[in-house]
2 protein chains.
Amino acid sequence: MITLDDVAKQAGVSTSTVSIVVNNRHVRGVSVSPATRERVLHVAREMGYTPNSLARAVATGKNRVLGFIKDDLAAELAMRIMVGAQQECEIADYLIKPFQLSHPAIASDLVRKCLGQRVAGIIVVNLPDDALAIVLHEAKTAEVPVVMVDSPSPNASCIQITSDAEQGVRLMCGHLVEQGHKRIAFIGGPADSVVSQERKRIFRDACLEYGLDIREDMIVDTSWGETDIVKAAVAPLLARPVEHRPTALFCAGDAIAMMSVKTARRCGLRVPKDVSVTGYSNASYAYLCDPALTTVAQDFVEMGRIAVRHVLALAADKDCAAKSAIVKVPTSLVVRESTWGPDWV
Amino acid sequence: MITLDDVAKQAGVSTSTVSIVVNNRHVRGVSVSPATRERVLHVAREMGYTPNSLARAVATGKNRVLGFIKDDLAAELAMRIMVGAQQECEIADYLIKPFQLSHPAIASDLVRKCLGQRVAGIIVVNLPDDALAIVLHEAKTAEVPVVMVDSPSPNASCIQITSDAEQGVRLMCGHLVEQGHKRIAFIGGPADSVVSQERKRIFRDACLEYGLDIREDMIVDTSWGETDIVKAAVAPLLARPVEHRPTALFCAGDAIAMMSVKTARRCGLRVPKDVSVTGYSNASYAYLCDPALTTVAQDFVEMGRIAVRHVLALAADKDCAAKSAIVKVPTSLVVRESTWGPDWV
DNA sequence: CTGAAAGCGCTAACAA
DNA sequence: TTGTTAGCGCTTTCAG
């Protein structure tokens with residue numbers, strides 16, 4: 001591997017000159033003559049010189065890298081967030097290093113590993129409260145800013161980027177009542193999922209606001225992905241006599257919506273003619289399925305971008321410690337084929 | 001940030017002792033006494049010391065990091081590969097740094113950026129031939145091994161990990177003929193997609209082997225994700241009189257399969273009763289849709305794992321340069337609800 | 001405008 | 001068993 005000194009020697013200048021040139025740094029006015037600059041650049045290219053970012057980082061004490069910690073690497077959502085983060089990093093000339101938190105118990109080690117890379121900041125996706133607390137603690141002593149994305153964790157003292165659930169579920173509820181629905185069931189995710197519970201809570205509020213009765217027997221918890229659980233919860237609802245049957249299913253996630261659609265069909269119901277079904281998140285497959293899902297789109301890539309902007313800002317200030325805020329990024333309603341007015345009533 | 005020297009001073013030992021302890025390196029036999037070792041460790045923990053991996057990397061000239069270059073960060077498949085890569089990296093105590101190749105034109109700069117991080121190796125996912133060639137060239141002069149994952153690129157001189165398409169499409173064809181299908185249509189992806197064309201080629205071969213006529217009028221190219229294009233290609237096929245209509249649709253991808261199912265329904269056909277539809281890849285949503293997709297599963301996470309094993313092996317040997325091989329990882333057939341024997345014939 | 005020299009935090013012989 | 005010393009490749013004053 002060819003080094004800066006090699007280039008200097010070859011070009012017959014000192015290392016500092018080369019350093020200045022390759023970083024094209026202008027220390028007070030124009031420091032290095034166009035002639036030498038050109039020569040140095042030429043030699044560098046000739047020799048195939050690639051600056052060693054690591055050495056630079058140790059010399060400056062600044063590493064243009066952001067840590068990205070998530071618990072479940074595979075989740076589509078985490079990936080979209082990462083895409084956004086990466087986009088923003090690219091324009092800021094930063095890099096991302098992902099860390100996989102396979103088990104909450106190793107959170108502490110993981111953060112130290114991350115810190116060991118002397119990251120300028122940390123972006124954390126969807127960590128459980130306890131793991132987040134650990135991350136926050138370790139990061140604070142190292143004075144590295146962290147911002148959390150996507151999972152609402154109200155009493156964590158860091159800045160959090162989350163999609164606006166208040167707005168999102170209201171948007172969808174509004175859409176449904178606008179279409180004339182009166183009996184809307186809420187098909188939630190797991191009982192221990194904070195995002196599901198949040199959506200459920202807001203759903204109740206929204207129902208009240210829209211003057212709908214909230215019927216507890218139409219509010220169920222299920223699972224993000226297990227067909228049997230969803231089916232077991234949804235089928236009974238749909239098997240009710242038509243006058244007690246929900247005319248719409250507000251599902252807490254797109255996968256749940258798809259499983260619900262399937263269940264509805266098994267119950268002999270057509271979607272959306274007999275029952276409307278809505279999703280949440282606008283997953284990649286939401287437009288592919290039949291019927292295409294009406295859903296609320298969360299802009300994960302934007303969330304990722306915002307996250308790095310914030311973490312970079314914190315890193316720039318030195319008062320990166322105590323700041324704590326929640327920024328909510330707006331969602332949007334995407335109406336497709338799975339909702340329809342219950343005009344058969 | 002507290003350093004190794006700080007610890008040394010505090011513990012009243014030399015830096016090298018601390019270095020040995022924290023890396024728990026045993027130079028010939030037991031070098032540092034349990035007593036001092038314990039003390040150093042204690043002090044280090046007390047002071048909250050975190051080793052600076054960057055400094056270590058520049059000192060040793062070895063960086064335990066792998067570059068991960070992909071063209072489309074969002075693709076679910078790339079993500080699964082990355083999950084596998086990360087799993088394997090974790091056990092080897094390596095880290096991953098992802099690089100986003102937004103445009104083939106910047107391939108050269110991107111690789112240099114990657115090389116600038118002094119990565120020990122590069123994993124490349126699904127790059128077009130020209131971009132790959134550039135990567136290979138830059139990497140070779142830097143003597144950094146690269147392995148390619150997923151996209152078959154026969155004449156590239158690097159080792160490639162790919163899923164066994166020969167086996168995969170034959171598996172599916174076998175399933176279909178076993179169920180009695182005789183008129184199978186091939187619904188491909190874009191005409192310029194190498195994986196789609198590869199599957200098409202093998203599909204033809206497989207048909208021959210199974211004694212089926214291959215009917216060129218039942219082999220079409222479409223798009224990976226655009227509903228209109230797929231519909232335009234599939235609808236005419238399905239509109240044919242029953243004796244000329246395909247009884248099964250071999251789709252080159254899961255999304256295409258879903259769009260085909262939808263099209264079939266619009267044509268008044270039931271899936272799988274009237275027409276069977278198969279996917280390829282086993283995307284996350286393949287089991288969610290209705291009917292759940294029969295598809296061939298590609299083990300992307302395994303591919304990712306294999307990739308890092310290979311790149312690490314190459315990095316260990318110094319003859320990392322010229323090696324070139326294709327390792328095919330087996331696929332598996334997952335039969336779900338979208339296929340059925342054409343017993344109505 | 002350019003060079004010499006002193007680090008950055010850590011490792012790795014080699015002495016002691 | 002431990003300390004001394006000389007780097008790794010780069011940046012950054014400060015003189016020349």
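Numbered from 1 within each chain, the chains take letters A, B, ... in sequence-line order. Atoms considered below: every heavy atom in the structure, side chains included; atoms not considered: hydrogens, waters and symmetry mates.
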Report task. Look at B/Thr60 and C/dC10 and indicate whether a side-chain polar atom (N or O) is within less than 4.0 Å of OP1 or OP2. Result -> no
Query raised in the report: Contact class for A/Ser19 vs. all strands (heavy atom < 4.0 Å): base, sugar-phosphate, or nothing?
Result: base
Query raised in the report: Within the structure shown, what part of the strands sits under 4.0 Å from B/Gly116 by heavy-atom distance: base, sugar-phosphate, or nothing?
Result: nothing
Report task. Confirm from the modelled atom types if B/Ser16 and D/dT4 form a donor-acceptor pair under 3.5 Å, side chain to base only. Result -> yes
Report task. Could you check how far CZ of B/Arg56 sits from P of D/dG7, rounded to whole Å? Result -> 22 Å
Query raised in the report: Do the side chain of A/Thr15 and the base of C/dA4 come within less than 3.5 angstrom through a donor-acceptor pair of N or O atoms?
Result: no
Report task. Ignoring the backbone of A/Thr3, work out which of C/dG9, D/dC10, C/dT2 is nearest its side chain. Result -> D/dC10
Query raised in the report: So, is A/Asn52 near the phosphate of D/dC8, with a side-chain N or O under 4.0 Å from OP1 or OP2?
Result: no
Query - Contact under 4.0 Å: A/Ser14 side-chain N or O vs C/dG3 OP1/OP2 - result: yes
**Report entry** Euclidean distance, A/Ile123 CD1 relative to A/Ile161 CD1, rounded to 0.5 Å
**Finding:** 8.5 Å
Report task. Could you tell me the separation between the NZ atom of B/Lys62 and the C1' atom of D/dG9, rounded to a whole number of Å? Result -> 15 Å
Query raised in the report: If only side-chain N and O atoms of B/Thr17 are considered, is one of them under 4.0 Å from the OP1 or OP2 phosphate oxygen of D/dG3?
Result: yes
Query raised in the report: Expressed in angstrom and rounded to an integer, what is the separation of A/Asn23 atom CG from D/dG9 atom C1'?
Result: 12 Å
Report summary line: Rounded to whole Å, CD1 of A/Ile20 lies from P of D/dT12 at a distance of 10 Å
Query raised in the report: Whole Å only: how far is the CG atom of B/Asn24 from the C1' atom of C/dT11?
Result: 15 Å
Query - 5'-most by nearest nucleotide on DNA chain C - A/Thr36 or B/Leu4 - result: A/Thr36
Requested in this report: Rounded to the nearest 0.5 Å, what's the gap from CG on B/Leu95 to CD on B/Gln86? Could you check?
Outcome: 7.5 Å
**Report entry** Nearest-angstrom distance from the residue atom NZ of A/Lys9 to P of D/dG9
**Finding:** 11 Å
Report summary line: Checking D/dT2, C/dC8, D/dC10 against the side chain of A/Val58 (C-beta onward), the nearest is C/dC8
Requested in this report: Mind checking the CG-CD1 spacing from A/Leu314 to A/Ile159? Nearest 0.5 Å is all I need.
Outcome: 6.0 Å
Report task. Give, for atom CE of A/Met148 and atom OG of A/Ser153, the distance between the pair rounded to the nearest 0.5 Å. Result -> 5.0 Å
**Report entry** Straight-line distance of B/Ile69 CD1 to B/Leu101 CG, nearest 0.5 Å
**Finding:** 7.0 Å
Report task. Quickly work out the A/Arg118 CZ to C/dC8 C1' distance and round it to whole Å. Result -> 11 Å
Query - Options D/dG3, D/dC10, D/dT11, nucleotide nearest the side-chain atoms of B/Val13 - result: D/dG3
Query - Interatomic distance, A/Asp5 CG vs D/dT11 C1' [rounded to whole Å] - result: 12 Å
